[in-house]
2 protein chains.
Amino acid sequence: MTTTPDAAPDAEILRLDRQICFSLHAASRAFNGVYRAILKDLGLTYPQYLVMLVLWEHGDLSVKTIGARLRLDSGTLSPLLKRLEALGFVERRRSAEDERSVTVHPTAAGTALRERAALVPRRIAAATGLSLEEIGDLQERLSMLTAKLDGADLDLDPLGSCADPED
Amino acid sequence: MTTTPDAAPDAEILRLDRQICFSLHAASRAFNGVYRAILKDLGLTYPQYLVMLVLWEHGDLSVKTIGARLRLDSGTLSPLLKRLEALGFVERRRSAEDERSVTVHPTAAGTALRERAALVPRRIAAATGLSLEEIGDLQERLSMLTAKLDGADLDLDPLGSCADPED
DNA sequence: AGCTATTGAGTTGTGCACAATTTAATTGTG
DNA sequence: CACAATTAAATTGTGCACAACTCAATAGCT
């Protein structure tokens with residue numbers, strides 16, 4: 001009841017957007033919640049677990065490299081890594097060659113954690129009720145979507161050129 | 001190289017988990033980023049937009065009802081609604097019948113915002129490069145997944161019964 | 001009526017995300 | 001060599017998510 005002659009009415013489109021927004025938001029939080037519950041045993045949060053995963057996979061890494069892999073900036077990583085250090089799972093050391101860089105490496109406790117973490121994926125799979133294939137499929141879709149979103153030039157349409165095309 | 005004889009080795013499973021974790025996390029953040037950029041024009045954050053969407057759709061709602069619809073608790077909503085009120089988009093008023101309840105209703109400015117918000121979904125669709133159908137499909141998958149995750153009894157397996165089935 | 005239990009918002013504290021800024025180290029260039 | 005530009009972390013400030021708790025109002029029960 002706003003304008004819009006032939007196309008879907010605004011109210012309809014906004015309703016759809018609400019569904020999409022909400023689904024994404026809710027799914028993200030639901031996953032976070034499941035990981036939180038499962039990771040509580042390990043004493044890790046979800047982002048901390050992500051950091052440990054890349055460290056287990058690649059060994060010592062600089063803050064910059066971790067950030068590049070997880071697409072997290074220092075504003076997020078610096079305090080997170082301090083907490084991981086306080087928990088005794090990693091150590092941070094200024095690099096000798098380049099004093100700007102900080103190298104993060106897992107401690108013995110951090111490495112030991114990997115054994116227990118091996119159980120996490122199975123529990124996640126059980127919680128989702130999805131097969132590994134289905135999970136892989138979802139993951140692929142999400143990756144493609146993320147790539148598009150990250151690459152999207154939002155300046156295409158600064159709310160002006162696209163403004164009221166039907167008005 | 002940890003244990004695991006016939007099944008996928010732990011390292012492999014953890015690598016897969018890293019991919020899934022990361023994809024979800026990254027997708028969620030990428031979407032958030034796109035919405036953030038688009039909503040900046042309206043002066044809203046992504047969760048604030050979600051709240052306005054349900055208010056536009058249903059009119060005045062109690063904090064409790066908004067929370068039920070968006071699955072957000074008062075710890076998140078109370079400060080968020082205060083900010084929306086400070087922005088002049090909603091008003092909060094203690095209900096007369098039940099003094100515990102607070103009713104939130106859009107102001108004139110909040111209602112006016114709806115017109116401008118009508119452009120948001122199209123811009124999102126453009127950024128994703130997906131058709132409305134594809135978006136709908138993704139949304140449906142995510143909703144089902146969320147339902148499963150929210151309903152999942154994580155106590156099934158408190159990291160003990162499932163522990164080292166192959167060890 | 002009187003008392004307990006429950007309910008709806010709000011508050012507090014922790015952690016993450018992100019923008020913007022700061023600091024120190026390094027690189028590049030004249 | 002000196003100086004400007006760049007780079008890597010860290011810091012600051014805002015907002016969201018969630019757990020745990022408080023507080024006042026209501027509902028339910030005897």
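Because the structure is predicted, anything quoted here is derived from the model rather than measured.
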Task: Position toward the 5' end of DNA chain D (nearest nucleotide), A:R29 or B:E99 - done: A:R29
- [ ] Provide, to the nearest angstrom, the distance between the CG atom belonging to B:L80 and the P atom belonging to C:dT11.
- [x] 14 Å
Open item on the list: Looking at D:dA17, I'd like to know if its phosphate oxygens (OP1 or OP2) sit under 4.0 Å from a side-chain N or O belonging to B:R71.
Closed with: no
Open item on the list: Rounded to whole Å, please give me the gap between NZ in A:K40 and P in C:dT14.
Closed with: 18 Å
Open item on the list: Using OP1 and OP2 only, check whether a side-chain N or O of B:R36 sits under 4.0 Å from D:dG15.
Closed with: no
TODO: Answer yes or no: are there more than 12 heavy-atom neighbours, outside A:E134 itself, under 6.0 Å from its atom CD?
DONE: yes
Open item on the list: Let's see if you can work this out: which of D:dA9, D:dA17, C:dA17 has an atom nearest to the side-chain heavy atoms of B:H25?
Closed with: C:dA17
- [ ] Taking atom types as modelled, find out whether A:S62 and A:S101 have a side-chain donor-acceptor pair closer than 3.5 angstrom.
- [x] no
Task: NZ/NE/NH1/NH2 to OD/OE distance under 4.0 Å, A:R93 and A:D60 - done: no
TODO: Find the distance between CG (A:L130) and CZ (B:R141) and round it off to the nearest 0.5 Å.
DONE: 9.5 Å
Open item on the list: Base, sugar-phosphate or nothing for A:L72? Non-hydrogen atoms, less than 4.0 Å.
Closed with: sugar-phosphate
Task: Side-chain donor/acceptor of B:S74 to base of C:dG10, under 3.5 Å - done: yes
Task: 5′-ward residue of the pair A:R94/B:D73 relative to DNA chain D - done: A:R94
Open item on the list: Expressed as a whole number of angstroms, how long is the span from B:I66:CD1 to C:dG10:C1'?
Closed with: 15 Å
Task: Rounded distance (Å) that lies between atom P of C:dT12 and atom CG of B:L77 - done: 18 Å
Task: Value in whole Å for how far the C1' atom of C:dG15 lies from CG of A:L81 - done: 13 Å
TODO: Going by the ring pair (Phe, Tyr, Trp, His ring centres under 6.0 Å) test, name the single residue among B:F31, B:Y46, B:Y49 that passes it with A:H25.
DONE: B:Y46
Open item on the list: Mind checking if B:T45 touches a base, just sugar-phosphate, or nothing, with heavy atoms under 4.0 Å?
Closed with: sugar-phosphate
Open item on the list: Of the options C:dA9, C:dA17, D:dA9, whose atoms approach the side-chain atoms of B:K64 most closely?
Closed with: C:dA9
- [ ] Using atom CZ of B:R100 as one end and atom P of C:dT7 as the other, report the distance to the nearest whole Å.
- [x] 9 Å
Open item on the list: So A:K82, base contact, sugar-phosphate only, or nothing? Heavy-atom distance under 4.0 Å.
Closed with: sugar-phosphate
- [ ] Identify whether any heavy atom of B:S101 sits under 4.0 Å from a base atom; if not, whether one sits that close to sugar-phosphate; answer base, sugar-phosphate or nothing.
- [x] sugar-phosphate
Task: Opposite nucleotide pairing with D:dA4, Watson-Crick or G-U, both atom distances under 3.5 Å - done: C:dT27
Task: Whole-Å distance separating the CG atom of A:L61 from the P atom of D:dA8 - done: 14 Å
Open item on the list: From CG of A:D98 over to C1' of D:dT7, roughly how many Å is that when rounded to an integer?
Closed with: 8 Å
